[in-house]
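Numbers here simply count residues along the sequence, with the first being 1. Quick caveat: nothing in here was measured; it's all calculated off a predicted structure.
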Amino acid sequence: MSKIRAVVVDPNVSGRLALYDVDAPTPAANEAVVRVAAISLNRGEIRRSTTAEAGWRPGWDLAGIVETPAADNSGPSLGARVVGFVRSGAWGELVSVPTHSLAELPPSVSFAQAATLPVAGLTAYHALLKGGSLLGRPVLITGASGGVGNFAIQLAQLSGAHVTAHIRRPEYESFVKDAGAHYVVIGEDVSAASEYGPYHLILESVGGNVLGTALGLLAPDGAIVLFGTSGGNEVTFNAQRFYGTGGASLYGFILFHELQLESAAVGLKRLANLVESGQLRPHIDLEADWTQIADIAQKLLDRHFPGKAVLHVTN
């Protein structure tokens with residue numbers, strides 16, 4: 001096959017995303033070619049597609065079947081069901097994936113469930129690792145109604161943490177409670193979370209005033225892991241209160257950096273095993289055919305739903 005279909009940025013079409021014929025992948029020796037069955041959408045890649053040059057191919061999350069194993073004999077074998085992560089271009093019929101970013105799926109884990117795991121699941125997993133042992137410790141998760149937040153609540157609860165979830169919209173309260181949050185704080189102001197702190201670990205993705213307040217909610221030697229600024233890039237905070245806490249830290253989180261320290265394959269395998277055992281439940285709000293990519297991407301940007309959107313790749 002010399003050509004495949006893939007999602008491509010086209011500034012001249014509505015939504016800037018369309019399915020076009022592109023060259024089939026030519027894998028490196030350490031890459032397996034995966035026939036993609038399902039993809040998951042993340043706001044980061046969609047935001048970039050709104051300004052990316054014509055021809056750019058978005059996509060980080062994929063799940064499917066190994067069609068061509070890696071030439072160096074690393075990674076999954078022919079026909080293996082896998083979940084994978086790439087830096088771009090995951091939204092295609094065939095995708096070359098480095099074997100260090102592929103994990104085999106347990107039989108009971110669906111492609112749709114698996115497709116939610118790479119970016120959202122790995123972000124939650126690695127961010128929580130920054131807190132070390134969470135057993136019996138208070139953890140605050142802001143922006144908790146999103147895909148990362150949902151996984152983070154579940155994984156923190158599994159780790160024995162006392163989880164406080166901050167959300168800005170009251171209609172999502174039951175959503176975060178179902179995920180395992182012990183306490184919920186609602187609104188643009190996170191200061192009410194002080195009732196359940198101070199916090200050993202805060203996972204922060206809102207920025208702006210929320211981050212400014214959260215910096216004052218840490219326990220001694222506590223840490224904030226910052227992985228987003230959906231509420232604003234500029235932050236004002238009480239510096240004296242922050243350093244006066246003693247040992248408190250603010251960690252800038254980028255998933256691509258974390259995956260240099262531990263391969264995606266390791267975390268993806270752990271997450272998939274938790275899904276198989278029923279201890280981790282991917283929340284999929286919307287499933288559709290990938291021909292609807294532009295419409296679903298816009299709905300995700302407009303926050304029409306919490307949780308994840310999964311598209312099925314059809315021939």
Side-chain angles (χ1 to χ4, degrees), residues 15 39-47 50 61 112-113 115-117 119-121 123-124 127-128 138-158 161-197 199 201-214 217 224-233 275 278-288 292-311:
I39 58 176
S40 174
L41 279 61
N42 301 280
R43 288 190 182 88
E45 62 209 339
I46 296 171
R47 287 195 189 100
T50 63
D61 301 347
Q113 289 175 313
T116 68
L117 297 176
V119 168
T123 296
L128 288 168
V139 171
L140 171 63
I141 299 167
T142 70
S145 62
V148 175
N150 185 263
F151 279 130
I153 292 171
Q154 295 184 64
L155 292 173
Q157 193 266 346
L158 279 174
H162 297 297
V163 183
T164 299
H166 167 252
I167 55 176
R168 285 178 278 181
R169 297 168 62 173
E171 60 265 34
Y172 293 149
E173 182 175 7
S174 61
F175 175 66
V176 296
K177 283 186 174 179
D178 289 344
H182 299 95
Y183 314 108
V184 181
V185 174
I186 304 171
E188 297 296 331
D189 184 2
V190 75
S191 59
S194 61
E195 179 180 352
Y196 312 110
Y199 294 95
L201 180 67
I202 300 175
L203 270 56
E204 220 292 277
S205 61
V206 181
N209 292 334
V210 169
L211 175 56
T213 302
L217 300 179
I224 291 183
V225 179
L226 178 66
F227 61 93
T229 53
S230 63
N233 296 327
V275 175
Q279 295 175 283
L280 186 66
R281 304 178 310 279
H283 184 92
I284 302 172
D285 267 312
L286 191 154
E287 291 187 66
Q292 300 180 49
I293 179 67
D295 178 58
I296 304 304
Q298 188 60 52
K299 287 180 178 177
L300 183 65
L301 280 183
D302 293 340
R303 299 183 182 276
H304 284 188
F305 52 86
K308 295 292 291 179
V310 172
L311 302 185

Peer 1: As an exercise, state the distance from CD of Gln113 to NE2 of His283, rounded to the nearest 0.5 Å.
Peer 2: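 Here the rounded value is 13.0 Å.
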Peer 1: Hey, what do you get for CG (Leu311) to CG (Leu41), rounding to the nearest 0.5 Å?
Peer 2: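 Going from CG on Leu311 over to CG on Leu41, the span is 5.0 Å.
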Peer 1: Can you find a pair of side-chain heavy atoms, one from Phe175 and one from Asn150, that are under 4.5 Å apart?
Peer 2: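 Result yes, sub-4.5 Å side-chain heavy-atom pair found.
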Peer 1: What residues, two or more places apart in sequence or in another chain, satisfy side-chain hydrogen bond (donor to acceptor under 3.5 Å, both in side chains) together with Gln157?
Peer 2: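 None.
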Peer 1: For the residue pair Ala112 and Ile284, what are the closest heavy atoms and their distance?
Peer 2: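 Taking Ala112 first and Ile284 second, the nearest heavy atoms are O-CD1, 3.7 Å.
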Peer 1: For a 4.5 angstrom cut-off between non-hydrogen side-chain atoms, does Thr116 reach Val310?
Peer 2: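 Counting from C-beta outward, Thr116 and Val310 do come under 4.5 Å.
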Peer 1: Between CD1 of Ile186 and NE2 of His166, what distance do you get to the nearest 0.5 Å?
Peer 2: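 Here the interatomic distance stands at 9.0 Å.
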Peer 1: With heavy-atom distances below 4.5 Å as the criterion, would you say the side chains of Leu301 and Thr50 are in contact?
Peer 2: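 Side chain of Leu301 against side chain of Thr50, heavy atoms only: contact under 4.5 Å found.
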Peer 1: Enumerate donor-acceptor pairs with a distance under 3.5 Å from any side-chain N or O in residues 203-210 to protein atoms, sequence neighbours excluded.
Peer 2:
{"unit_1": "Glu204", "atom_1": "OE1", "unit_2": "Gly207", "atom_2": "N", "d": "2.8"}
{"unit_1": "Glu204", "atom_1": "OE2", "unit_2": "Thr142", "atom_2": "OG1", "d": "2.6"}
{"unit_1": "Glu204", "atom_1": "OE2", "unit_2": "Val206", "atom_2": "N", "d": "2.7"}

Peer 1: For Asn42 and Glu45, does a side-chain donor sit closer than 3.5 Å to a side-chain acceptor?
Peer 2: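 Yes.
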Peer 1: Looking only at heavy atoms, which two atoms of Arg169 and Arg303 are closest? And how far apart?
Peer 2: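 In terms of heavy atoms, the two residues are closest at NH1-O, 3.3 Å.
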Peer 1: Could you tell me which residues satisfy ring-ring contact (aromatic ring centres under 6.0 Å, His included) with Tyr196, sequence neighbours excluded, listed by chain and number?
Peer 2: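 For Tyr196, the residues satisfying ring-ring contact (aromatic ring centres under 6.0 Å, His included) (neighbours in sequence not counted) are Tyr183.
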Peer 1: Do Tyr199 and Ile224 make a side-chain contact, defined as non-hydrogen atoms from C-beta onward lying under 4.5 Å apart?
Peer 2: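 With C-beta onward as the side chain, the pair stays apart.
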Peer 1: Are Val275 and Pro282 packed together at the side-chain level, in the sense that at least one heavy-atom pair is separated by less than 4.5 angstrom?
Peer 2: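 Yes; the side chains approach each other to less than 4.5 Å.
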Peer 1: Within the distance-only criterion (no hydrogens, no angle test), does the side chain of Asp189 pair as donor or acceptor with the backbone N or O of Ser191 below 3.5 angstrom?
Peer 2: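 Yes, the answer is positive, given that a donor and an acceptor are paired below the 3.5 Å cut-off.
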